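Only one structure is covered here, and it is reproduced in the block below.
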Amino acid sequence: MKNDPLSVALFEMRLEEIHRGDPWLRYEISIRDFVALFPVRYKNGRPVRPDHPATYGVDREVFLKVLVAFSQCFN
């Protein structure tokens with residue numbers, strides 16, 4: 001699966017939903033900055049699961065939602 005723009009767009013939409021659904025995130029980080037924390041990277045033509053961002057303290061619950069969204073969009 002090479003770079004699939006539809007899956008990337010879907011993943012970004014899911015990240016926006018996660019941001020909007022969290023009562024604290026909207027006050028701590030902009031939606032664009034939140035989406036930018038989880039860029040889609042590819043290795044050997046396959047999307048690589050995002051890492052927990054080191055630059056911003058995303059809590060465990062939010063990060064798990066991000067991983068679920070990633071799995072749903074790319075698997």
Side-chain angles (χ1 to χ4, degrees):
M1 171 199 293
K2 277 286 186 207
N3 189 344
D4 179 5
L6 203 55
S7 293
V8 171
L10 182 60
F11 179 56
E12 289 178 353
M13 284 176 30
R14 294 291 309 278
L15 290 174
E16 291 174 2
E17 289 173 10
I18 292 167
H19 183 274
R20 279 191 212 100
D22 188 276
W24 296 105
L25 274 179
R26 71 182 105 170
Y27 299 111
E28 295 178 11
I29 187 171
S30 74
I31 200 162
R32 283 288 115 216
D33 289 342
F34 180 73
V35 170
L37 289 175
F38 305 101
V40 178
R41 294 188 184 94
Y42 291 87
K43 183 174 183 178
N44 298 327
R46 302 198 44 85
V48 177
R49 185 182 85 127
D51 293 325
H52 196 283
T55 58
Y56 182 79
V58 174
D59 72 20
R60 183 176 182 273
E61 183 179 326
V62 170
F63 186 62
L64 289 176
K65 290 178 185 178
V66 169
L67 293 179
V68 168
F70 180 84
S71 293
Q72 290 174 340
C73 294
F74 292 102
N75 290 335

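Below, each value reflects all heavy atoms present in this structure, side chains not excepted, and no hydrogens, waters or symmetry copies. Fair warning: this is a prediction, and the values are worked out from it, not measured in the lab.
- Not one N or O on the side chain of His19 forms a donor-acceptor pair closer than 3.5 Å with the backbone of Asp33.
- Taking CG from Asp4 and CZ from Arg46, the interatomic distance works out to 11.5 Å, rounded to the nearest 0.5 Å.
- Placement of Ile31 and Val62 in two distinct hydrophobic clusters is found when ILVMFWY residues are connected by side-chain heavy-atom separations under 4.5 Å, directly or transitively.
- Shown here is Arg41, whose CZ atom has no more than 12 heavy atoms of other residues, nucleotides or ligands within 6.0 Å.
- Annotation: side chain of Val66 is not in contact with side chain of Val58 (no heavy-atom distance under 4.5 Å).
- Counting heavy atoms from C-beta outward, Phe70 and Asn75 have side chains that stay 4.5 Å or more apart.
- Among all heavy-atom pairs drawn from Pro50 and Phe63, the shortest one is O-CZ, 3.6 Å.
- With sequence neighbours left out, Glu17 forms a salt bridge (Lys or Arg N to Asp or Glu O under 4.0 Å) with Arg14.
- Nearest heavy-atom pair, Cys73 versus Ser7, reported as atom, atom and distance to 0.1 Å: O-OG, 3.3 Å.
- When the side-chain hydrogen bond (donor to acceptor under 3.5 Å, both in side chains) test is applied to Asp59, no partner is found at least two apart in sequence or on another chain.
- Shown here for Phe34 and Leu15, the closest heavy-atom pair between the two residues is CE2-O, 3.4 Å.
- In this structure, CG in Leu10 is found 8.5 Å from CD in Gln72, a value given to the nearest 0.5 Å.
- Separating the CZ atom in Arg32 from the CD atom in Glu16 is a distance of 4.5 Å, to the nearest 0.5 Å.
- In terms of hydrophobic clustering, with Ile, Leu, Val, Met, Phe, Trp and Tyr side chains grouped at heavy-atom distances under 4.5 Å, Met13 and Ile18 are assigned to different clusters.
- Each of Val48 and Val68 belongs to its own hydrophobic cluster when Ile, Leu, Val, Met, Phe, Trp and Tyr are linked at side-chain heavy-atom distances under 4.5 angstrom.
- At a threshold of 4.5 Å between non-hydrogen side-chain atoms, the residues Phe11 and Phe38 count as touching.
- Atom-to-atom distance recorded for Arg20:CZ and Leu25:CG is 12.0 Å, nearest 0.5 angstrom.
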